[in-house]
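Here is how names work: the chains are called A, B, and so on, in the same order as the sequence lines, proteins then strands, and each is numbered from 1.
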Amino acid sequence: MVTKSKDYDFQEIEPRWQSFWERENPYKSGTDLTRPKYYVLDMFPYPSGAGLHIGHPEGYTATDIISRYKRAKGFDVLHPMGWDAFGLPAEQHAVKTGTHPAANTQNNIANFKRQIKALGFSYDWDREIDTTDPKYFRWTQWIFLQLFKRGLAYVDERPVWWCPEMRTVLANEEVVDGKSEVGGFPVERRSLRQWVLRITAYADRLLSGLEGVDWPDSTKRMQAAWIGRSEGAEITFGLEQPGLGGLKVFTTRPDTLFGCTYMVLAPEHALVEALTTPEQRSAVDLYRKQAASKSDLERTDLAKDKSGVFTGSYALNPINGARVPVWVADYVLTGYGTGAIMAVPAHDERDYAFAKRYDLPIVAVIEPAADVTGKPAPALPYTGDGSLVHSGQYDGLSWQEAKRRMTDDLASKGVARHSVNYKLRDWLFSRQRYWGEPIPIVWVCEADYRAAVAANPADFPKDPVSFEEAGVVRFAVPVPDSVLPLELPSVQSYLPSGTGESALANVTDWVDIWYDFSSGRSVPASSPKPDASTWVRARRETNTMPQWAGSCWYYLRYTDPRNAQAFASPAALSRWGGPDLYVGGAEHAVLHLLYARFWHKVLFDIGAVPTDEPFRKLFHQGIILGEDGEKMSKSRGNVVSPDTIIASHGADSLRLFLMFLGPLEAMKPWNPKGIEGVHRFLQKVWHDCVGEDGNAHARIVDGHQDSGATLKLLHETIRKVGDDIEGMRFNTAISQMMILENALHKEAQVSRSTTLAFVQILAPFAPHLAEEIWSRLGAPGLASAAPWPAFDAARVSSAEVRIVFQVNGKHRADQLVPLGITQEVALGLAQAHEKVAPFLAGKRVVKVVFVPNRILNLVVA
RNA sequence: GCCCGGGUGGCGGAAUGGUAGACGCUACGGACUUAAAAUCCGUUUUCCGCAAGGAAGUGUCGGUUCGAGCCCGGCCCCGGGCACCA
């Protein structure tokens, strides 16, 4: 063993305990099934080349404290860590250097792991996972196939965000202000064939499921807003041209039908062509061309400047037969509702602005409830509450009532139905990248598709997934489970082809194949066709999955990370379920958390997981800003590296300080001086426990009778630290331990039992120091293995209490009094009190407010 | 524009409607030291006062209450999210 230094030599102590933990693995989970389980999860990181950022250990320290606390409380704790390792930087590095992205990724993982271990976190490293490991992404692909089977994955030629710099498409939500969210590169619209997941089929459940989870309200609201459910009606307007059928619109305000003075179609609407009259043809064509060339940035950012053009045609309002002009305008979006609206300028701000610009009539049909004073008609557009006017038989009804009745009336004539719309769009799931999970699909011709379906009907969706290319229709055939994982082939260059396909498209022998749909085996198309009827000519899918895929289900894999038969066994899933606590940044409030919930619900529907929601309780740690109060960034030069702090003050000080900075959820600036404060605290604890010879300090006395005040403070601290850990208020837990230390420090002698209890509650925060002191004091086993100290309520109650005397609500004096004195006694004491009496002199007490054991307030006149 | 969250000493932050500023940082004073660092002991919201003590005070204006940092309404500022979704 090492020499016992009398000093707090964290540089010696911390690595020593870390190698002890490495050797002994005391944090292995699932070792005692008689204990209740607790699963606490961090959002796993992308292992970037830059290494750990100070924000990482913030959340990780919080979950580590909870893990250690829960273990001490008798729980079997699952606390794992892994790597969300597919990602663009590794691919860009590969493009530049020509080395396989996996090599770079593994280096980065090794570095991340070293840094994380240097913080002394109690992860069960036996459960480490890596999304780029074929043993892992085999199941990512398997889940994709489950989605495919259920008709939840399809391909579509659709206008998507194309980033020329990255040579890939991006999902809507990965594009911010016309630039890629990652990298900030410009993006443009392109129409490309894409895989899309039908998340909209789960919109309602994704919304209702939010009610039952313990998440920050702001996050729930954000998801709800993202899903954007709105209830209304789909109404069919008549058209004068024969043979066109009707014009369907979605509206949330069918009650304003009488106020509809024109219609608007999105420029891409299918009926624009047919509705455009010869006189308007050139104007409409020009407008559509302009709209198509506008970037979405222009379309949205110039929201104030509405533009449009008249088609020359009219529609007929089903409620009153009114003839209303049909316009084309790009303020109506093609992807929402029916891509057409009925415009009610009097009661909609957008329609109002448009009507003003083009001099269209404005008819008010809603008025606020008539007030006796007879207010003037409200300014238009009026979107508030009210009842109907100028609406024939519906006049006088409240708008809510009218909405219902008018929809019902029109529905009975077959020209309307109650309808619900969502802002949520289907999830663009393909990327033109090399470094991602290959999509386990091959494309074949129709005849071969039929043969494949006949052979394995259960593997296919009801409706075939197909697309047309150069006059040929290709059909999607899933690669069978048995040949998963479908691994990435090696390539000459990692650069995407640039035509909308990934680098995989250039690997001819991998892409163009003879494929056996009965077994999933394949040989390059350049070789002779194997001699069996189940071998068909096929082309592999060259798109890969987005980075979100691997993180959609990783929390399930941790429960059974080495299982080769299933993504996790039913036993493991029923033991651990989902995380009891999930901690990560608020930047994932919508995307990751929504996608993961979607996959989870699909897995629930196929009976693969026991719960409907993955994350019961969610917590977002706040961002740590630089010393200057700005976001940490290389360019600002305000980045703080965990490695530096560990070298100068130790991991325990860093852990403690990260938690002491302020509330975990708050955004807070780093203060380089503050680390000294918590470091001094640990020094103080050390020197009060460890003597000159490196063993227990002489002031620690076995069997010493601590004062009542000391025991009271100890038990208050045990209670507060426990409560604060449970409530994730780590900053106040640390304050309380500082108060206790300051008090113990003043004592000439402290009992060994008090000292050990203190060391134990400190252990989740500063595990290295705690274990070291624990062993120096000769305590048995590990501090972290001892049961959490029991809180003794009898110790904190005392016979006396400090009561406050107020006069007219102002604090005038306080006094130590026996617990439970009556109002009369308190009143007597107050009146006799030298500091209170002057304020009562010559006054009459008109009211007495008495809060037992707390306060006596005398109201005087 | 809409929806959230937040404004407390020089700084980070504490405060079930009941002593505002716990705890820490900084600064200042003292002890120890030849000296410094470290450590230890104090002081540290502002104003008046030698002091005892008093007054004011949680962005701002008002309200509820015996009592408001906390509850209610208006306004100002900061941060986050959404943004033509009919």
Side-chain angles (χ1 to χ4, degrees), chain A residues 216-226 228-230 232 249-254 256 264 266 299-306 329-344 347-351 353-354 421-425 586-587 589-590 620 622-623 625 629 656-657 660-663 665-681 683-684 687 729 731-742 745-746 802-814 835 838 845-851 853-860:
Chain A
D217 278 341
S218 58
T219 303
K220 290 206 240 183
R221 263 192 291 267
M222 260 191 247
Q223 286 215 355
W226 191 265
R229 183 180 200 274
S230 50
V249 301
F250 172 72
T251 179
T252 54
R253 295 296 302 272
T256 61
V264 185
R299 271 206 185 184
T300 55
D301 244 34
L302 305 176
K304 287 107 221 167
D305 273 342
K306 298 211 172 10
D330 66 4
Y331 82 89
V332 171
L333 307 177
T334 187
Y336 183 78
T338 62
I341 60 154
M342 59 175 228
V344 184
H347 305 294
D348 181 281
E349 289 177 19
R350 297 149 300 181
D351 297 344
F354 191 81
N421 259 284
Y422 299 91
K423 286 188 203 173
L424 184 69
R425 308 295 159 86
E587 66 272 21
V590 177
H620 299 305
I623 297 170
L625 304 170
L656 215 59
F657 186 52
F660 191 61
L661 229 34
E665 66 275 21
M667 185 184 283
K668 53 223 169 234
W670 178 263
N671 172 3
K673 288 284 174 47
I675 185 84
E676 299 287 349
V678 292
H679 188 66
R680 273 200 281 267
F681 164 66
Q683 288 271 13
K684 220 163 149 182
H687 287 297
R729 296 179 298 267
N731 54 332
T732 50
I734 294 168
S735 297
Q736 183 64 33
M737 289 189 284
M738 287 174 167
I739 292 169
L740 178 61
E741 166 55 24
N742 290 343
H745 183 71
K746 291 194 170 85
R802 189 165 294 277
I803 194 165
V804 169
F805 298 136
Q806 294 184 341
V807 179
N808 286 345
K810 273 197 208 302
H811 172 249
R812 291 303 175 190
D814 51 60
K835 287 185 182 166
V845 176
V846 294
K847 183 165 184 175
V848 178
V849 180
F850 180 65
V851 182
N853 300 324
R854 272 215 128 116
I855 208 158
L856 179 77
N857 184 17
L858 305 177
V859 184
V860 298

Checking A/N671 side chain against A/K673 main chain: does a donor-acceptor pair fall under 3.5 Å?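 Such a contact is found between A/N671 side chain and A/K673 backbone.
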So, the side chain of A/K668 versus the backbone of A/P663: is there a donor-acceptor pair under 3.5 Å, distance only?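 Yes: the side chain of A/K668 pairs with the backbone of A/P663.
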Within the structure shown, what part of the strands sits under 4.0 Å from [X] by heavy-atom distance: base, sugar-phosphate, or nothing?
{"X": "A/H745", "result": "sugar-phosphate"}
{"X": "A/R425", "result": "base"}
{"X": "A/I855", "result": "base"}
{"X": "A/N731", "result": "sugar-phosphate"}
{"X": "A/Q806", "result": "base"}
{"X": "A/K423", "result": "base"}
{"X": "A/I341", "result": "base"}
{"X": "A/V859", "result": "sugar-phosphate"}

Report yes if the side chains of [X] and [Y] come closer than 4.5 Å at any heavy-atom pair, otherwise no.
{"X": "A/L740", "Y": "A/Q736", "value": "no"}
{"X": "A/W670", "Y": "A/F657", "value": "yes"}
{"X": "A/D348", "Y": "A/T256", "value": "no"}

When the [atom1] atoms of [N] and [M] are considered, how many whole Å apart are they?
{"N": "B/rA51", "M": "B/rC11", "atom1": "C1'", "answer": "32 Å"}
{"N": "B/rG80", "M": "B/rA27", "atom1": "C1'", "answer": "35 Å"}
{"N": "B/rU60", "M": "B/rU65", "atom1": "P", "answer": "23 Å"}
{"N": "B/rG63", "M": "B/rA68", "atom1": "C1'", "answer": "11 Å"}
{"N": "B/rU19", "M": "B/rG67", "atom1": "P", "answer": "15 Å"}
{"N": "B/rG21", "M": "B/rC28", "atom1": "P", "answer": "25 Å"}
{"N": "B/rG69", "M": "B/rG59", "atom1": "P", "answer": "10 Å"}
{"N": "B/rC23", "M": "B/rA31", "atom1": "P", "answer": "25 Å"}

Using every non-hydrogen atom in the two residues, find where [X] and [Y] come nearest and quote the distance to one decimal.
{"X": "A/K835", "Y": "A/A813", "answer": "CB-CB, 4.1 Å"}
{"X": "A/A343", "Y": "A/V264", "answer": "CB-CG2, 4.5 Å"}
{"X": "A/V249", "Y": "A/T338", "answer": "CA-OG1, 3.3 Å"}

Return the nucleotide paired to [N]: Watson-Crick means purine N1 to pyrimidine N3 with N6-O4 or O6-N4, wobble means G-U with N1-O2 and O6-N3, both under 3.5 Å.
{"N": "B/rU64", "result": "none"}
{"N": "B/rG53", "result": "B/rC48"}
{"N": "B/rC40", "result": "B/rG30"}
{"N": "B/rA86", "result": "none"}
{"N": "B/rG24", "result": "B/rC11"}

Which residue, A/G809 or A/L661, contacts RNA chain B at a nucleotide closer to its 5' end, judged by nearest heavy atom?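 On the 5' side of the pair lies A/L661.
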Which sits closer to the 5' end of RNA chain B, A/V851 or A/K746, going by the nucleotide each is nearest to?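 Result of the comparison: A/V851.
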Mind calculating the distance between [atom1] ([X]) and [atom2] ([N]) to the nearest angstrom?
{"X": "A/E741", "N": "B/rC23", "atom1": "CD", "atom2": "P", "result": "14 Å"}
{"X": "A/F805", "N": "B/rU19", "atom1": "CZ", "atom2": "C1'", "result": "13 Å"}
{"X": "A/W670", "N": "B/rG24", "atom1": "CH2", "atom2": "P", "result": "18 Å"}
{"X": "A/H811", "N": "B/rG18", "atom1": "NE2", "atom2": "C1'", "result": "11 Å"}
{"X": "A/Y331", "N": "B/rG1", "atom1": "OH", "atom2": "P", "result": "21 Å"}
{"X": "A/E676", "N": "B/rA37", "atom1": "CD", "atom2": "C1'", "result": "12 Å"}
{"X": "A/D348", "N": "B/rC84", "atom1": "CG", "atom2": "P", "result": "13 Å"}
{"X": "A/L625", "N": "B/rG13", "atom1": "CG", "atom2": "C1'", "result": "15 Å"}

Taking atom CD of A/E587 as the centre, does the number of heavy atoms from other residues, nucleotides or ligands within less than 6.0 Å exceed 12?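 Enclosed: over 12 neighbouring heavy atoms sit under 6.0 Å from CD of A/E587.
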Check the interface with nucleotides 4-7 of chain B: list each N/O to N/O pair with the protein under 3.5 Å, or write none.
residue : atom : partner : partner atom : Å
B/rC4   : O3'  : A/R221  : NH2          : 3.3

Phosphate OP1/OP2 of [N]: any [X] side-chain N/O under 4.0 Å:
{"X": "A/K847", "N": "B/rC66", "answer": "yes"}
{"X": "A/Y336", "N": "B/rA86", "answer": "yes"}
{"X": "A/K810", "N": "B/rA56", "answer": "yes"}
{"X": "A/N671", "N": "B/rU26", "answer": "no"}
{"X": "A/R854", "N": "B/rG17", "answer": "no"}
{"X": "A/R802", "N": "B/rG18", "answer": "no"}

[X] side-chain proximity, nearest of [options]:
{"X": "A/K835", "options": "B/rA22, B/rG53, B/rG13", "answer": "B/rG53"}
{"X": "A/M222", "options": "B/rG24, B/rG79, B/rG81", "answer": "B/rG81"}
{"X": "A/N742", "options": "B/rC23, B/rU19, B/rG81", "answer": "B/rC23"}
{"X": "A/W226", "options": "B/rG13, B/rC82, B/rC25", "answer": "B/rC82"}
{"X": "A/R812", "options": "B/rA86, B/rA55, B/rG79", "answer": "B/rA55"}
{"X": "A/N857", "options": "B/rG13, B/rG67, B/rA55", "answer": "B/rG67"}
{"X": "A/M738", "options": "B/rU39, B/rG24, B/rG42", "answer": "B/rG24"}

With syn defined as a glycosidic torsion within 90 degrees of 0 and anti otherwise, which applies to B/rG9?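 Because its glycosidic torsion lies within 90° of 0, B/rG9 adopts the syn conformation.
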Spatial distance of atom CG (A/N421) from atom CZ (A/F250) [nearest 0.5 Å]: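 If I round to the nearest 0.5 Å, the distance is 4.0 Å.
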If you go through the side-chain atoms of A/K306, does one of them form a donor-acceptor pair with the base of B/rC84 closer than 3.5 Å?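 Yes, the side chain and the base share a sub-3.5 Å donor-acceptor pair.
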Working for side-chain hydrogen bond (donor to acceptor under 3.5 Å, both in side chains), residues A/K847 and A/N857: CA-CA 8 Å; A/K847 183 165 184 175; A/N857 184 17; over 6 Å; no
If we check side chain to side chain contact (heavy atoms under 4.5 Å, CB included) with A/L656, which of these qualifies: A/V678, A/L661, A/I675?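 In the set A/V678, A/L661, A/I675, the residue that makes a side chain to side chain contact (heavy atoms under 4.5 Å, CB included) with A/L656 is A/V678.
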